Structures are given as structure tokens and as C-alpha cells.
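This is a predicted model, so every value here is computed, not measured.
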Amino acid sequence: MKVWITVKSLGKRRPALAKQILELPETTRTLRLLIENMVELQVEAYRERKDAAEMLVYLMPEDIDAQGAAGKVGFGAVHGEGIPDLSEAKGAAILAYEDGLYRVFLNDKELDQLDEPLSIENDANVTFIRFTMLAGRLW
């Protein structure tokens, strides 16, 4: 099923990621599975960016315009050394949710139970809102 994903940070006007459509497995029937499937997609995208970053990269004007509309223009360079372990990444994402570091909304309704059955329809809107810690930030 295809869903629209938006990631926002509290206190920012523009989303951290522009609204984008992603393909989720039909078996995504709980919030826990939704989070785990999103982590799988993000780890796979990271692997693909890391592999593509090794080639010579240049930006065409239409690439600059498209990235500018999303809010960030860059070459997609990945500076991390290793690839994250998928099971650890899933565990960290679930723990972060349980600790209240982000909230998830499905069609403007907050999802608050990890294992409660969900009915996600095609073209649904899923929004992740990250909460920012204030410690150490200069105003």
C-alpha cells in the first residue's frame, strides 16, 4: 500500500522532510509494525545513498530545483562509516517512541498504542513529529 509520509520537528514551520509517498507492506497492521517498516525503508535508503555516493555526482538545474523545493540541496554524501544494524535500529526507534521522543499520526489521529490493530488505507497520511531537546542549544 502507498502512504504519504511527513516528518516534522516541533517549533519549525517547514517539515524536516517534504511529504513523500512510500510503499509499505500490506502486513503493516500495528503502530509497532509501521515504525519497524519505516526503519527498514530508511536503512535501505541509507545503504543505497552510501553506494551511490562513491560515484562521481553532479547536480543538474532540475535537481537543484527539486531539492530546493524539499528544503535542502546537497550531493547526498554519506559520511558515516558503517551500515546500521537493522534489529538495533528497530529497537532504538521503538524505544524512542516509548520514551516520547516522537509521536505518530495517521490521518490527523494520534496513534498511541504500539500493538493496537490499525487500518491503514491506500493514500493515507502518516506524520511523524519529533520533539527537540532544549539542553545545550544556544538561542
Side-chain angles (χ1 to χ4, degrees):
M1 88 189 85
K2 293 184 179 187
V3 296
W4 291 94
I5 303 293
T6 306
V7 177
K8 296 181 179 181
S9 289
L10 204 61
K12 299 204 178 194
R13 292 182 186 194
R14 294 196 313 173
L17 288 177
K19 191 174 184 180
Q20 55 185 283
I21 194 159
L22 291 177
E23 183 78 30
L24 289 176
E26 294 291 332
T27 57
T28 306
R29 296 289 174 220
T30 64
L31 176 57
R32 182 181 306 273
L33 288 173
L34 174 66
I35 293 170
E36 289 177 352
N37 288 335
M38 288 300 301
V39 168
E40 284 180 28
L41 291 171
Q42 294 303 310
V43 168
E44 184 59 35
Y46 178 82
R47 286 182 180 146
E48 290 173 6
R49 282 193 315 270
K50 190 166 178 77
D51 292 342
E54 295 172 0
M55 296 189 276
L56 180 62
V57 178
Y58 57 92
L59 294 174
M60 299 297 291
E62 53 271 6
D63 296 328
I64 294 171
D65 293 339
Q67 289 184 24
K72 180 183 176 188
V73 178
F75 290 101
V78 178
H79 301 289
E81 291 292 321
I83 304 268
D85 178 60
L86 189 56
S87 62
E88 286 181 20
K90 287 178 181 180
I94 296 296
L95 181 61
Y97 178 81
E98 290 172 337
D99 287 347
L101 298 180
Y102 66 94
R103 293 283 184 245
V104 182
F105 293 82
L106 175 63
N107 295 328
D108 298 327
K109 179 184 177 283
E110 183 176 1
L111 304 176
D112 56 358
Q113 298 296 318
L114 282 171
D115 297 312
E116 183 177 302
L118 285 181
S119 176
I120 303 175
E121 301 169 3
N122 210 22
D123 284 332
N125 289 307
V126 178
T127 304
F128 291 84
I129 298 181
R130 295 185 307 193
F131 297 106
T132 306
M133 299 299 143
L134 299 177
R137 181 175 174 155
L138 296 175
W139 295 95

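Through side-chain heavy atoms spaced under 4.5 Å, either directly or across other Ile, Leu, Val, Met, Phe, Trp or Tyr residues, Trp4 is tied to Ile21.
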Could you walk me through whether Leu114 and Glu98 pass side-chain contact (heavy atoms from CB on, under 4.5 Å), step by step? CA-CA 9 Å; Leu114 282 171; Glu98 290 172 337; 3.5 Å; yes
Evaluate Val43 against Arg47 for side-chain contact (heavy atoms from CB on, under 4.5 Å), listing each step before the verdict. CA-CA 6 Å; Val43 168; Arg47 286 182 180 146; 4.0 Å; yes
What verdict does the side-chain contact (heavy atoms from CB on, under 4.5 Å) test give for Ile35 and Leu31, after you've listed the backbone C-alpha separation in whole Å, the side-chain angles of each residue and the deciding distance to 0.1 Å? CA-CA 6 Å; Ile35 293 170; Leu31 176 57; 4.0 Å; yes
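Applying side-chain contact (heavy atoms from CB on, under 4.5 Å) to Phe105 and the options Val126, Thr6, Leu111, Ile129 leaves one that passes, Ile129.
Taking a 6.0 Å sphere around CG of Asp115, one finds it holds more than 12 heavy atoms contributed by other residues, nucleotides or ligands. Counting non-hydrogen atoms of neighbouring residues, nucleotides and ligands closer than 6.0 angstrom, the CD atom of Glu110 exceeds 12 such neighbours.
Interatomic distance, Thr28 OG1 to Leu118 CG, rounded to the nearest 0.5 Å: 9.0 Å. With rounding to the nearest 0.5 angstrom, the CZ atom of Arg29 is 10.5 Å from the CG atom of Leu24. Atom CD of Glu44 is separated from atom CG of Leu86 by 9.5 Å, given to the nearest 0.5 angstrom. Once rounded to the nearest 0.5 Å, the distance linking CD of Glu36 with CE of Met38 reads 13.0 Å.
Note: the hydrophobic cluster containing Leu33 does not contain Leu106 (ILVMFWY, side chain heavy atoms under 4.5 Å, direct or indirect links). Follow the hydrophobic side-chain contacts under 4.5 Å out from Val7 and you reach Tyr97 in the same cluster.
Asn107 places a side-chain N or O within 3.5 Å of a backbone atom of Asn125 that can act as its donor or acceptor partner.
Side chains of Val39 and Gln42 form no contact here, defined as non-hydrogen atoms less than 4.5 Å apart.
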